[in-house]
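Order of the sequence lines sets the chain letters (A, B, ...), proteins ahead of strands, with each chain counted from 1.
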Amino acid sequence: MLRIEDTDRERSTPANVEQILDALHWLELDWDEGPFSQAERRPRHEEAISRLLDEGHAYRDEGAVRLRVDPEGETAVSDEVRGEVRFPHSGIKDFVVARSDGSPLYNLAVAVDDLDMGITHVVRGEDHLSNTPRQVMVLEALGAEPPAYAHLPLLLGPDGKKLSKRHGAASVQELRDAGYLPEAVRNYIALLGWGLDESTTFMTTEELVEGFSLDRVSKSPAVFDEQKLRWMNGRYLRELSAERLTEILEQRHGREGLGDAVGIAQEKMQTLDDFWTLAAFLVERQDFDEGAWDKVMSDGAVERLSAAREALAGAEPFDTESVEAALRGVVERLGVKPKEVFQPVRVAISGTTVSPGIFESVAALGRDETLSRIDLALDRARA
RNA sequence: GCCGCCAUCGUCUAGGGGACUAGGACGCCGCCCUCUCACGGCGGAAACCGGGGUUCGAAUCCCCGUGGCGGUACCA
């Protein structure tokens, strides 16, 4: 039985817990909630406290109950990633295990819970390492063997500050909203503070489960790098079938009929959000970007654009192949560079100089819409 | 203050005394591909925190320093 710290116990609001579980669910990670309810656990905690009191391991001090700590001794914690860590008791005073009102404190509650639940491995953030000797002392006073501990390096934000768990669920939510795929996030996070070997980067969940080992967990904190996540997400996006991606995007945007657009934008996307910036022009007309317009609609652009219009008007059938043939024919006839024809067309249909492939885009728009957008551009250029 | 953890390219990391001229990935730069942007391919710049030891030999082991982080609560 493995316990993964941590869902805050008493201090967690239901909404908070809800968020965390929601994040785990989105990441497609399994979990077992265990006995969350403090109310349920309370009798066991009180039992442990009175045992500690009866056996002289703890005493009352101004109402609160404190555990006795032998000032001469030391407590060693055996940690799966850091080895044996020794804590001289000179740095640990008798500590409170129960408040004056009898309610248990974290270090006691967690130790008793671990014991009752038969926990064998406690895996949690490094921020708990210094608390561990206290939990071990509680367990020892109770005559129990402490579980194995593994303290993982903290995750830092780009600012170098720790990515707190209390905001952790929120940031997983942010990643989802920003258009990252759960499998990419899962894969990326696995690589923070751990690696299978010196070069493996992409791993399925099965491979992760199969290959994970605590002895390859690193000891130093890791900074979350969104650039790398974007790259990885792009790779996962391109592995999706066009059908599946269309389904995801149609649901995300609450629209139908995005298939063609998805087909030609997929290879350029890094996040789901990128889709709209890349392909919005295929769905609705965009305003002309002034910079792009000035750059492309220079001398002779009107002639080249009208020639392209003529060719497209006669292209039959209006698919990618014949569009390409028509446009390349114009290039040849005019004896100009390909881009001198393609870029004006691109600006005419998309409003800007950056877009997916021109032949696919024109074909996807259809003849009528394409010609009408070109006419609009022509009018504007002549005005 | 005291206790503890950590320290390799900008970032994630490999490395466990000689295989290190320090490897891979993201990002960056250049070239190729090319209708733009991407994708892809090729190439490049880029790091062992500092000082002492130990050793024939140290990125690797030890000590000190420095820096970052955590704990030291009738918080979790």
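Within the 4.0 Å cut-off from OP1 or OP2 of B:A76, not a single side-chain nitrogen or oxygen of A:Arg124 is found. Taking only side-chain nitrogens and oxygens, A:Arg134 never comes nearer than 4.0 Å to OP1 or OP2 of B:A76.
Within the 4.0 angstrom heavy-atom criterion, base atoms lie near A:Ala64. No engagement by A:Glu340 is indicated, since no non-hydrogen atom pair under 4.0 Å with the nucleic acid exists. Contacts of A:Arg230 with the nucleic acid, taken as non-hydrogen atoms under 4.0 Å apart, are absent. Within the 4.0 angstrom heavy-atom criterion, no nucleotide atom of any strand lies near A:Lys337.
Between the P atom of B:G68 and the CG atom of A:Leu129 lies a distance of 20 Å, rounded to the nearest Å. Per the geometry, NE2 belonging to A:His45 stands 18 Å off P belonging to B:C74, to the nearest Å. A straight line from NE2 of A:His128 to C1' of B:C69 spans 15 Å, rounded to a whole angstrom. Between the C1' atom of B:C74 and the CZ atom of A:Arg60 lies a distance of 12 Å, rounded to the nearest Å. Atom P of nucleotide B:C6 and atom CG of A:Leu152 are separated by 13 Å, given to the nearest angstrom. Across the protein-nucleic acid pair, A:Phe87 atom CZ and B:G70 atom P stand 15 Å apart, rounded to whole Å. Atom CG in A:Asp101 sits about 14 Å away from atom C1' in B:C75, given to the nearest Å. Rounded to whole Å, atom P of B:A25 lies 18 Å from atom CG of A:Leu192.
Each of B:C74, B:A7, B:G71 was ranked by its minimum atom distance to the side chain of A:Leu105; first place goes to B:C74. Of all nucleotides listed (B:C74, B:U72, B:U13), B:U13 comes nearest to the side chain of A:Ala222.
Between B:C61 and B:U54, the distance separating the two C1' atoms is 8 Å to the nearest Å. Comparing the same atom, C1', in B:G30 and in B:G70 gives a spacing of 44 Å after rounding to whole Å. B:G10 and B:C49: their P atoms are spaced 11 Å apart (whole Å). Between B:A25 and B:A14, the distance separating the two P atoms is 15 Å to the nearest Å. Spacing between B:G65 and B:C5 at atom P, rounded to whole Å, works out to 14 Å. Rounded to the nearest Å, the gap between the P atom of B:U11 and that of B:C48 is 12 Å. For B:C26 and B:A19, the C1' atoms lie 28 Å apart once the distance is rounded to whole Å. Spacing of P atoms, B:U8 relative to B:A59, comes out at 15 Å, to the nearest Å.
Each of A:Glu47, A:Glu46, A:Glu40 was evaluated against A:Arg44; a single residue qualifies, A:Glu47, per the salt bridge (Lys or Arg N to Asp or Glu O under 4.0 Å) test.
For the pair A:Gln266 (side chain) and A:Leu240 (backbone), a donor-acceptor distance under 3.5 Å is present. The backbone N or O of A:His253 lies less than 3.5 Å from no partner atom in the side chain of A:Trp276, so there is not a single donor-acceptor pair. Of the possible polar contacts, one joining the A:Arg367 side chain to the A:Ala315 backbone as a donor-acceptor pair under 3.5 Å is found. With hydrogens and angles ignored, the 3.5 Å screen pairs no side-chain donor or acceptor of A:Asp22 with any backbone N or O of A:His25.
Nucleotide B:C49 forms a pair with B:G65, judged by Watson-Crick or G-U wobble geometry with both contacts under 3.5 Å. Remark: B:C35 base-pairs with no nucleotide; criterion is Watson-Crick or G-U wobble with both hydrogen-bond distances under 3.5 Å. Pair check for B:U11 finds B:A25; Watson-Crick or G-U wobble, both atom distances under 3.5 Å. Applying the Watson-Crick and G-U wobble criteria (two distances, each under 3.5 Å), B:G70 pairs with B:C3. Of the nucleotides present, none pairs with B:U54 by Watson-Crick or G-U wobble criteria with both distances under 3.5 Å.
Residues A:His128 and A:Tyr106 form a side-chain contact, since some pair of their non-hydrogen atoms from C-beta on lies under 4.5 Å apart.
In this structure, the ring of A:Tyr180 has its center no less than 6.0 angstrom from the ring center of A:Tyr236. Aromatic ring centres of A:Phe202 and A:Trp231: separated by under 6.0 Å.
Each of A:Tyr188 and A:Lys93 has a nearest nucleotide on RNA chain B; the 5'-most of these lies closest to A:Tyr188.
Within 6.0 Å of CD in A:Glu140 there are more than 12 heavy atoms belonging to other residues, nucleotides or ligands. Summarising the local packing, CG of A:Asp379 is surrounded by more than 12 heavy atoms from other residues, nucleotides or ligands at distances under 6.0 Å.
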With side-chain hydrogen bond (donor to acceptor under 3.5 Å, both in side chains) as the criterion, how do A:Thr271 and A:Asp273 come out once you've worked through the C-alpha distance, each side chain's angles and the decisive distance to 0.1 Å?
CA-CA 5 Å; A:Thr271 68; A:Asp273 261 6; 5.3 Å; no
Between A:Gln135 and A:Val77, is the side-chain contact (heavy atoms from CB on, under 4.5 Å) condition met? List the steps.
CA-CA 10 Å; A:Gln135 291 161 24; A:Val77 171; over 6 Å; no
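Under 3.5 Å, the side chain of A:Ser130 and the base of B:C3 form no donor-acceptor pair of N or O atoms.
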Could you encode protein contacts along nucleotides 27-43 of chain B as a string, one character per nucleotide from 5' to 3', using B for base contact, S for sugar-phosphate-only contact and - for no contact, with a heavy-atom cut-off of under 4.0 Å?
S-------BBBBSS---
Mind listing the N/O atom pairs, protein and nucleotides 14-17 of chain B, below 3.5 Å?
residue	atom	partner	partner atom	Å
B:A14	O2'	A:Glu198	OE1	3.2
B:G15	OP1	A:Arg216	NH1	3.4

